[in-house]
Amino acid sequence: PARSDRQAARRALGLTADTFCWCAIGRLVPKKDYPTLIRAVQWLATQADPMPFKVLVAGDGPLRAALQQRVT
C-alpha cells in the first residue's frame, strides 16, 4: 500500500510512528496458542523501558470470550 494509506491506517488504529505493531490473524482455537502470545505481551510490558507496541488480534472462534477476559 501507498505510504499515505499505511499512515492513515496507523492513525485509525491509534498507532504512532514509533509504535511497533504485531498483528495476529486467525481462528481463535487452542491449536493457535493465543494464551502464550498474551503471556509474552504481558511480560514484555513489564520490562524496563519497553518500546511502544500494540498487539492486534483479528479472528473469531470458541476461545474468543476466554481470551477477551484474559486481556481486560
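Start at 1 with the first residue, then count along the sequence.
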**Report entry** Arg27 side-chain N/O to Gly59 backbone N/O, donor-acceptor pair under 3.5 Å
**Finding:** no
Could you list the donor-acceptor pairs under 3.5 angstrom formed by side chains in residues 37-54, with sequence neighbours left out?
from, atom 1, to, atom 2, distance (Å)
Arg39, NH2, Thr36, OG1, 3.0
Thr46, OG1, Trp43, O, 2.6
Gln47, NE2, Trp43, O, 3.2

Report task. To the nearest 0.5 angstrom, please state how far the OG1 atom of Thr19 sits from the CG atom of Leu13. Result -> 11.0 Å
Query - Smallest separation among heavy atoms of Ala24 and Tyr34, with atom names - result: CB-CE2, 3.9 Å
Report summary line: Heavy atoms of Ala17 and Arg10 approach each other most closely as O-NH2, 3.9 Å
Query raised in the report: Is there a path of hydrophobic side-chain contacts, each under 4.5 Å between heavy atoms of I, L, V, M, F, W or Y residues, that connects Leu56 with Phe20?
Result: no
Report task. Look up atom NZ in Lys32 and atom CD1 in Ile25, then write down how far apart they are to the nearest 0.5 Å. Result -> 11.0 Å
Query raised in the report: After noting the C-alpha distance and the side-chain angles of Val57 and Leu67, does the key distance pass the side-chain contact (heavy atoms from CB on, under 4.5 Å) rule?
Result: CA-CA 10 Å; Val57 177; Leu67 294 171; over 6 Å; no
Report task. Calculate, to the nearest 0.5 Å, the distance between atoms CD and CZ belonging to Gln68 and Arg64 respectively. Result -> 5.0 Å
Query raised in the report: In terms of heavy-atom contacts, does CZ of Arg6 have more than 12 from other residues, nucleotides or ligands at under 6.0 Å?
Result: yes
